[in-house]
Amino acid sequence: TVEKQAKPYGGAFAPASGWNFGLSQTGAASQTPSTAQNTATNGQAVWTLKFSSPTGAANVVLTENENRPNWSLTDITCDVGGATVNLGSKNVSITDVGVGEKVKCTFKNEERLVGALGITKVLGDTNAQNYGSGVTFSGAYSCTLAGSTVASGTWTRVGAGAATLTPSAGSPAANQI
């Protein structure tokens, strides 16, 4: 069983429907369903393995098949030993799942609001004539969300064009605000 927990920005973790998962396995005679499936309203997707002998065992890989914008897989936990989590590949490998064994793995995703900041210096004809294209322009930036500063830093640009943004210590890169 996969249990999907999702935490929307500013919210709390709760069961989430409509997230797609796949199961691949070796060792069992069959699995039902044999294809990927979406989580139900209770946040779960369930597969059943059938074995050809009472001592059978299977190696199972559960994979989240989602790449939703602004969502990050932050944790995978399973209620059995022998589980190897790979957050980068969005999967967990479980060895030696036996006859009658119930396995539950919880995949947790968090929504992150991501924006980008760019500063472009434009030189009008008068500015270009009075100051020249070799003048260095600079300043500071601060980005706030709900009254809290979420990013800050400085910017510089020689002449016209896109500025170079340098985040303050602890601030995210300008393309990850």
Side-chain angles (χ1 to χ4, degrees), residues 1-118 143-151 153 165 167-177:
T1 300
V2 165
E3 179 178 83
K4 182 61 183 180
Q5 293 278 321
K7 180 181 175 184
Y9 182 78
F13 282 106
S17 64
W19 291 74
N20 190 267
F21 287 86
L23 178 140
S24 61
Q25 58 85 21
T26 57
S30 65
Q31 71 184 52
T32 306
S34 61
T35 59
Q37 58 179 317
N38 290 335
T39 53
T41 55
N42 66 356
Q44 295 186 353
V46 178
W47 287 267
T48 301
L49 300 179
K50 294 188 179 176
F51 295 92
S52 56
S53 78
T55 58
N59 295 321
V60 174
V61 177
L62 293 167
T63 303
E64 180 178 288
N65 298 323
E66 295 280 348
N67 286 311
R68 294 185 183 195
N70 301 331
W71 286 87
S72 297
L73 180 62
T74 57
D75 192 28
I76 302 172
T77 57
C78 295
D79 63 358
V80 295
T84 303
V85 172
N86 186 329
L87 283 177
S89 296
K90 298 183 176 185
N91 68 34
V92 58
S93 301
I94 307 158
T95 57
D96 296 326
V97 176
V99 173
E101 187 172 3
K102 294 188 183 295
V103 175
K104 180 177 172 185
C105 294
T106 302
F107 287 65
K108 289 186 172 182
N109 283 63
E110 291 187 47
E111 182 181 31
R112 310 228 191 261
L113 293 185
V114 178
L117 172 67
C143 300
T144 59
L145 178 65
S148 297
T149 300
V150 295
L165 282 72
S168 299
S171 282
N175 65 348
Q176 297 179 352
I177 296 173

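For reference, positions follow the sequence shown, starting with 1.
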Donor-acceptor list for residues 10-20 side chains, cut-off 3.5 Å, not counting sequence neighbours:
unit_1 : atom_1 : unit_2 : atom_2 : d
Asn20  : OD1    : Asn65  : ND2    : 2.9
Asn20  : ND2    : Asn38  : OD1    : 2.9

Are [X] and [Y] close enough that some pair of their side-chain heavy atoms sits under 4.5 Å apart?
{"X": "Leu62", "Y": "Ile94", "answer": "yes"}
{"X": "Lys90", "Y": "Phe107", "answer": "no"}
{"X": "Thr55", "Y": "Val99", "answer": "no"}

Report the distance from atom CZ of Arg112 to atom CG of Asn70, rounding to the nearest 0.5 Å.
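Those atoms lie 10.5 Å apart.
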
Show every donor-acceptor pair shorter than 3.5 Å between a side-chain atom in residues 72-84 and any protein atom, with sequence neighbours excluded, or say none if there are none.
unit_1 : atom_1 : unit_2 : atom_2 : d
Thr74  : OG1    : Lys108 : O      : 3.2
Asp79  : OD1    : Lys104 : N      : 2.9

Run the side-chain contact (heavy atoms from CB on, under 4.5 Å) test against Ser89 and tell me which residues pass, sequence neighbours left out.
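So Ser89 forms a side-chain contact (heavy atoms from CB on, under 4.5 Å) with Asn86, Asn91.
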
For Phe51, ring pair (Phe, Tyr, Trp, His ring centres under 6.0 Å) partners two or more places apart
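With neighbours one apart ignored, the set is empty.
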
Applying side chain to side chain donor-acceptor pair (under 3.5 Å), name anything that partners Thr95, two or more places apart in sequence or on another chain.
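Side chain to side chain donor-acceptor pair (under 3.5 Å) list for Thr95, sorted by chain: empty.
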
Could you tell me which non-hydrogen atom of Ala151 sits nearest to which non-hydrogen atom of Ser171, and how far apart they are?
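Between these two residues, the closest heavy atoms are CA-OG, 3.6 Å.
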
Heavy atoms only: give me the nearest Ala57-Asp96 pair and the separation to one decimal.
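Of all heavy-atom pairs spanning Ala57 and Asp96, the closest is CB-CA, 4.1 Å.
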
Please answer whether the main-chain N or O of Thr106 pairs with a side-chain N or O of Glu3 as donor and acceptor at a distance below 3.5 Å.
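Side chain of Glu3 to backbone of Thr106, a donor-acceptor pair under 3.5 Å: no, none is there.
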
Donor-acceptor list for residues 24-35 side chains, cut-off 3.5 Å, not counting sequence neighbours:
unit_1 : atom_1 : unit_2 : atom_2 : d
Gln25  : OE1    : Ala28  : N      : 3.0
Gln31  : NE2    : Leu23  : O      : 3.1

Given the rule in the side chain to side chain contact (heavy atoms under 4.5 Å, CB included) test, do Thr39 and Phe21 qualify, once you have shown the distances and angles that lead to the verdict?
CA-CA 8 Å; Thr39 53; Phe21 287 86; 3.8 Å; yes

